[in-house]
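By convention in this document, chain letters (A, B, ...) are assigned in the order of the sequence lines, proteins followed by strands, and residues within each chain are numbered from 1.
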Protein chains: 2
Amino acid sequence: MNRSKVTIKDVALEAGVSVATVSRLVNGTSIVSAATAAKIQETIQKLGYEPNLMARNLRKKETRVILIVCPNVTNPYYAHILAGITEASYQQGFSAVMYTTNCDPERELEGIQMLYKGRVDGAILMDGLRDHQVFYNAASRFPIVQCSEYVDTEIAPAVCIDNYQASRDMMAHLLGLGHTKIALISSNNDYVSTKIRTQAYKDSLLEAGLPVDPEYIKLGSSDYSFQSGRACALELLQSENPPSAIFCISDTFAFGSIIAAKELGITIPEELSISGFDDVEYTTMHHPFITTIAQPCYELGRTSAQMLFERLEKHSAETGLVYLDHQLVVRESTAKKKTYLTHQDTDLMVNNYSKEKK
Amino acid sequence: MNRSKVTIKDVALEAGVSVATVSRLVNGTSIVSAATAAKIQETIQKLGYEPNLMARNLRKKETRVILIVCPNVTNPYYAHILAGITEASYQQGFSAVMYTTNCDPERELEGIQMLYKGRVDGAILMDGLRDHQVFYNAASRFPIVQCSEYVDTEIAPAVCIDNYQASRDMMAHLLGLGHTKIALISSNNDYVSTKIRTQAYKDSLLEAGLPVDPEYIKLGSSDYSFQSGRACALELLQSENPPSAIFCISDTFAFGSIIAAKELGITIPEELSISGFDDVEYTTMHHPFITTIAQPCYELGRTSAQMLFERLEKHSAETGLVYLDHQLVVRESTAKKKTYLTHQDTDLMVNNYSKEKK
DNA sequence: TGGTTTACTGTAATCCTTTACATATAAGAT
DNA sequence: ATCTTATATGTAAAGGATTACAGTAAACCA
């Protein structure tokens, strides 16, 4: 392996000019005569010169590298955001280093160190930092943008969808279908998105004059695992008073719920409506296709990156929340509440008769 | 944003020692007295000093960064490999920059440039380079390891599963179930894995004394899209002489085939066996669970990274193929050939009677 | 013609480390 | 008492770029 690098000095020597001239040509920072330009170009070609980025960055005090801090690459939701970020980076001539935390607070911290060590110019955080003080310190010294999750939008901007409105939209859909016994499968993580979606669920119920039954709220695993969604649904469906609809805060929970329902011989959407959240790609790979909230993941990533570059290059310091549009997409897993009535239903109907659609 | 970096000089000044001493302490390259060590440590803490990696790397001529060239992050297969790579990198104290090519030959080329520019120490290629000359040049100058796909194993090592054996295993399974009309859904990309799997399909058939019918070989999209798998299966199943089993070289093709079969009212596995390849996570999220070849994606990534670090740190230059174990996992999508016979089947049975299991 | 601008190029400082080499002190050997 | 050796530290030279500053030659202006 021949690692002998040819430097700007070599080029200068060979072309019979000074290093400054070569540098100026390469960077286009100043005019060089056509004759010397040609000569330099030629020797660059001949020697195969490539500027050493470490040296350049040291001098310029910029790395043109951004950091992506992300809990987990294998989650398709994050993967799509990642794709958006990397594409935008590519187009801006930045490169992106990836740091996965697996939601380990210690690793979240270590990731941030790359900023302090000067290895990257800025960061996109997809993992809401547990330690707010660390976040505050980092965000006040370095350009940071939060994507999808966030801890504080005063000090660094965040781009995400309007989780509250999206959840209200979905609940409105379910309510509009005539469901009154709507359960929630939330998560035991402490993401803002989780909190907000849960709050919207409760608010929607209350606003519709329906009770918020703690028995109807189950918490799946923090990483939204399919199996934990199945377990929650099983509990819900085997209880005394099973719901007629389940609002899942993640598509994977919805998948798990569908499996659970099938295992119990419950048909979807005839006997049970299930809704998801995120619209990951495999929502339409098996029937029933899932009714869900589509998040513009790729755009989320792209926008975050663009905002970061804006910060880096124009030294802008806008903060606050940036909402990208979500979309309620109604597919096969939700339908009007069934007309067949159990005894319990009949009991309930005494109180809620006017709310039944049919 | 206060970007004022504190340098080693500041620390030295404050602690009343020379920069060399500070450097020695920080890097542990030489003994410093306990007293001064304590003093330096203290001032480092006080000033919040972090060594500038650009300067360090420039001096040391190493970046401790590796490059990951990958077609597409959103593909869960690659995502898992990526996870393995990033984990191994983290443990070795390296960071990983990601470069996605979307299989664009131009971008494959650009990715490689990072090596020449000295931004990274080595690379893991998951996208077999189209341009063999470029690959050859790069691989002879820089430490490169190929993962999953490869173009040449003489000049740079490759880690993957034994695609030939794996495909033979799957075909043996299908054949063992009594299937004689086995179709193939391959891909129109030119990956070695595709070629090898296709070859194994043909060899298995021939070895079993069965004909290789070109009508039974369909080519899905180069990126293994679900929809193209569905389209291929539809063609196959609606033909004059539909197969009783389909060997898909990718799980996504298998998913598409299952959907296609369902659309045509064909039951799986009773009327049609379908097998996948890769064992991406959602093979078990819907019934029928897919019979497939499990690839150790995470390990593939981890091993590749470890081999790269070996090359980097021990300057080893081992080449050749490294096979990781695959596994045939039999689930619900394959079963014995059905006993119900069509006229065509009866015709065929005259010749193949002894091969029928029941 | 003398002065001013323009176009181009060169010299050397700078970015922040690491490290080869030199130095100084103290301890150990003879 | 002198000569090594070990220990601990400092000085200054890389490393490969960018760029402030300076300089030269030609062109332009009055």
Side-chain angles (χ1 to χ4, degrees), chain A residues 3-41 43-44 47-65 93 113-121, chain B residues 3-41 43-44 47-65 93 113-121:
Chain A
R3 294 296 280 292
S4 69
K5 281 291 296 181
V6 13
T7 73
I8 197 170
K9 218 168 166 179
D10 301 326
V11 176
L13 209 68
E14 179 83 11
V17 296
S18 76
V19 290
T21 308
V22 178
S23 174
R24 280 190 277 251
L25 177 69
V26 170
N27 293 285
T29 47
S30 172
I31 292 173
V32 310
S33 77
T36 46
K39 177 128 208 170
I40 294 173
Q41 289 287 19
T43 52
I44 285 179
L47 303 184
Y49 168 68
E50 288 281 349
N52 180 310
L53 293 183
M54 292 300 145
R56 171 180 290 175
N57 297 338
L58 172 59
R59 182 59 228 252
K60 286 202 177 181
K61 289 191 171 197
E62 62 163 27
T63 64
R64 294 194 79 75
V65 178
Q113 292 303 310
M114 305 202 79
L115 287 161
Y116 288 95
K117 293 192 181 171
R119 178 164 287 199
V120 296
D121 291 343
Chain B
R3 295 296 281 293
S4 69
K5 282 290 296 179
V6 11
T7 72
I8 198 169
K9 216 169 166 178
D10 301 326
V11 176
L13 210 68
E14 180 82 12
V17 295
S18 76
V19 290
T21 308
V22 178
S23 174
R24 279 189 278 252
L25 178 69
V26 170
N27 293 284
T29 48
S30 172
I31 292 172
V32 308
S33 76
T36 45
K39 178 129 208 168
I40 294 172
Q41 289 288 19
T43 50
I44 285 179
L47 304 184
Y49 168 69
E50 289 281 349
N52 179 310
L53 293 183
M54 292 301 145
R56 170 179 290 176
N57 297 338
L58 172 59
R59 183 59 227 253
K60 287 203 180 180
K61 288 193 169 197
E62 62 162 28
T63 63
R64 293 195 79 74
V65 178
Q113 293 304 310
M114 306 203 78
L115 287 161
Y116 288 94
K117 293 190 181 172
R119 176 163 287 199
V120 296
D121 291 343

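Looking at heavy atoms from C-beta onward, B:Asn27 lies in side-chain contact with B:Lys60 at the 4.5 angstrom threshold. Between B:Val26 and B:Arg56, the closest side-chain pair of non-hydrogen atoms falls below 4.5 Å. Looking at heavy atoms from C-beta onward, B:Glu14 lies in side-chain contact with B:Leu47 at the 4.5 angstrom threshold. Using a 4.5 Å cut-off on side-chain heavy atoms (C-beta onward), B:Arg24 and B:Thr21 make contact. Residues B:Thr7 and B:Asn52 are not in side-chain contact: their nearest non-hydrogen atoms beyond the backbone lie 4.5 Å or more apart.
Here the nucleotide nearest the side chain of A:Thr21, chosen from C:dG10, C:dT18, C:dC8, is C:dG10. The side chain of A:Ser33 lies closest to C:dC8, out of C:dT18, C:dT11, C:dC8. Listed nucleotides: C:dC16, C:dT9, C:dT19. Nearest to the side chain of B:Arg24: C:dT19.
Mapping B:Arg59 and B:Val17 onto DNA chain D by nearest heavy atom places B:Val17 closer to the 5' end of the strand. Heavy-atom nearest nucleotides on DNA chain C were determined for A:Ala34 and for A:Val19, and the one closer to the 5' end corresponds to A:Ala34. Nearer to the 5' terminus of DNA chain D, by closest-nucleotide assignment, is the contact made by B:Met54 (compared with the other of A:Val22 and B:Met54).
Rounded to whole Å, atom P of C:dA12 lies 13 Å from atom NZ of A:Lys9. Rounded to an integer number of Å, the gap from B:Asp10 CG to C:dC16 P is 9 Å. Nucleotide C:dT19 holds its C1' atom 11 Å from the CD1 atom of B:Ile8, rounded to whole Å. Atom pair A:Arg56:CZ and C:dC16:C1' shows a separation of 18 Å (rounding to whole Å applied). When rounded to the nearest whole Å, the span between CG of B:Leu58 and P of C:dT18 equals 11 Å. Atom NZ in B:Lys5 sits about 12 Å away from atom C1' in C:dT17, given to the nearest Å. Across the protein-nucleic acid pair, B:Leu25 atom CG and C:dT17 atom P stand 14 Å apart, rounded to whole Å. Summarising the geometry, the separation between CD1 on A:Ile31 and C1' on C:dT9 is reported as 13 Å, rounded to the nearest angstrom.
Here the range on DNA chain D touched by chain B, meaning any atom under 4.0 Å from one of its heavy atoms, is D:dA8 to D:dG16.
Heavy atoms of A:Asn57 sit nowhere under 4.0 angstrom from any nucleic acid atom. Contacts of B:Glu62 with the nucleic acid, taken as non-hydrogen atoms under 4.0 Å apart, are absent.
In this structure, a donor-acceptor pair under 3.5 Å is absent between the side chains of B:Asn57 and B:Thr63.
Note on A:Thr36: a side-chain N or O is less than 4.0 Å away from OP1 or OP2 of C:dT9.
Side chain of A:Lys5 to backbone of B:Tyr116: a donor-acceptor contact under 3.5 angstrom is found.
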